[in-house]
Amino acid sequence: MAKFVVAIDGGAGSGKSTTAKAVAKRLNFFYLDTGAMYRAATLKYLQCRGSTDNIDRALVKEIIKQTRIDLRQQNSENHVFLDNKNVTLEIRTHRVNNFVSPISAIPEVREWMVEKQREVAEGKNVVCEGRDIGTVVFPDAQVKIYMQADLKMRAQRRQKELDAKNIKADLDKVIENLKFRDKYDSSREHSPLKKAADAIVVDTTNITIEQEVDLVEKIVREKL
Ligand code: DC
């Protein structure tokens with residue numbers, strides 16, 4: 001069992017990652033980025049299969065059994081390893097963005113991920129972010145936050161993040177991808193993106209990053 005869990009869910013670009021990372025740092029908690037794990041699995045699939053539009057579900061299920069994904073914190077940076085190779089940057093490309101939602105909707109992929117995520121959190125204090133953290137992965141989390149923000153604002157933030165990683169992205173394309181993923185992630189049959197009944201909603205449309213981090217930190221400290 002994990003010791004203390006802060007579960008942060010929300011749509012793409014809602015500010016979850018920035019907040020989760022910063023709050024984990026301030027509290028000295030482990031930062032568990034579950035989206036990065038789904039992205040790494042998607043990258044592996046694309047490496048095996050190429051970018052053909054139709055997803056070979058049987059291949060995905062086969063691949064996942066032979067995959068190793070590790071989240072490592074080195075020099076206060078978070079790194080994602082796929083089969084022992086650092087793929088931190090590769091998992092953020094357009095190609096991965098376009099395939100990650102359908103691949104993460106496959107029930108066998110989700111079962112594998114949830115098991116891994118609980119394993120990683122074992123015995124730790126964690127800030128865990130994703131889509132189904134407060135509802136499925138850690139339904140007993142001590143703190144549950146649901147983050148949301150206006151679509152255009154989310155797209156602008158995502159574009160800025162990509163820019164910082166030297167990945168050029170057109171704003172319209174970013175908006176399209178966020179819309180597609182929100183729809184796919186909230187309407188899938190297995191563990192869709194939804195607010196847990198006991199989650200606190202944090203709307204980040206009109207607040208700064210500093211304010212959203214302060215707010216979530218305050219909520220957590222009150223529970224600690
Ligand atoms: O948080 P992110 O944008 O890096 O997540 C990428 C995708 O992974 C997201 O569009 C859906 C999937 N995902 C998921 O299904 N469940 C999670 N807990 C986290 C991410």
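Remember, it's 1-based here, ligands and their atoms both numbered in the order they're listed. Count residues from 1 along the sequence. These figures come from a predicted structure and were not determined experimentally.
- Looking at atom 19 (C) of ligand 1, its nearest protein heavy atom turns out to be T34 OG1, 3.3 Å.
- Considering only non-hydrogen protein atoms, atom 18 (N) of ligand 1 sits nearest to D132 OD1, 2.8 Å.
- Looking at atom 3 (O) of ligand 1, its nearest protein heavy atom turns out to be R181 NH1, 2.9 Å.
- Salt bridge status for R72 with D70: present, with a side-chain N to carboxylate O gap under 4.0 Å.
- Classification of K173 and E176 as a salt-bridged pair fails, no side-chain N sitting under 4.0 Å from a carboxylate O.
- By the 4.0 Å N-to-carboxylate-O rule, D214 lies close enough to R26 to be salt-bridged with it.
- Contact annotation: for M37 versus ligand 1, there are no heavy atoms closer than 4.0 Å.
- For a threshold of 3.5 Å applied to N or O pairs, the pair formed by R110 and ligand 1 contains at least one separation below that value.
- Ligand 1 lies out of reach of Q117, whose nearest heavy atom is not under 4.0 Å from it.
- A salt bridge does not link E161 with K165: every distance from a Lys NZ or Arg NE/NH1/NH2 to an Asp or Glu carboxylate oxygen is 4.0 Å or more.
- Close N/O approach between R131 and ligand 1 is found [any backbone or side-chain N/O within under 3.5 Å].
- K194 NZ: 12 or fewer foreign heavy atoms inside a 6.0 Å radius.
- Near R92, the atoms of ligand 1 lying under 4.0 angstrom from a non-hydrogen atom of the residue are 4 (O).
- Every atom of ligand 1 is numbered from 1 in the order shown, and the set under 4.0 Å from a heavy atom of D185 is 9 (C), 10 (O), 11 (C).
- The existence of a salt bridge linking D182 and R154 is confirmed by a sub-4.0 Å separation between a basic side-chain nitrogen and an acidic carboxylate oxygen.
- Cation-pi geometry between K195 and Y146 is not met: the NZ or CZ atom fails to fall both under 6.0 Å from the ring centre and inside 45° of the normal.
- Here is the list of ligand 1 atoms found below 4.0 Å of a heavy atom in S101: 10 (O).
- Proximity of R188 to ligand 1 is established by a heavy-atom distance of less than 4.0 Å.
- Ligand 1 lies out of reach of H190, whose nearest heavy atom is not under 4.0 Å from it.
- Connection of I103 to V80 is established within a shared hydrophobic cluster, with ILVMFWY side chains joined at heavy-atom distances below 4.5 Å, either directly or through further cluster members.
- Closest to atom 4 (O) of ligand 1, if we only count protein heavy atoms, is R39 NE, 2.7 Å.
- A salt bridge links K85 to E90: at least one charged side-chain nitrogen sits closer than 4.0 Å to a carboxylate oxygen.
- Looking only at atom types and distance, the side chain of R157 has a donor-acceptor partner in the side chain of T204 under 3.5 Å away.
- If you number the atoms of ligand 1 from 1 as listed, the ones under 4.0 Å from a heavy atom of V100 come out as 7 (C), 8 (O).
- Close N/O approach between Y38 and ligand 1 is not found [any backbone or side-chain N/O within under 3.5 Å].
- Of the protein's heavy atoms, S104 OG, 3.4 Å lies nearest to atom 12 (C) of ligand 1.
- Remark: ligand 1 atoms within the under-4.0 Å shell around heavy atoms of K16 are 1 (O).
- Applying the 6.0 Å contact sphere to CD of Q74 captures more than 12 heavy atoms from other residues, nucleotides or ligands.
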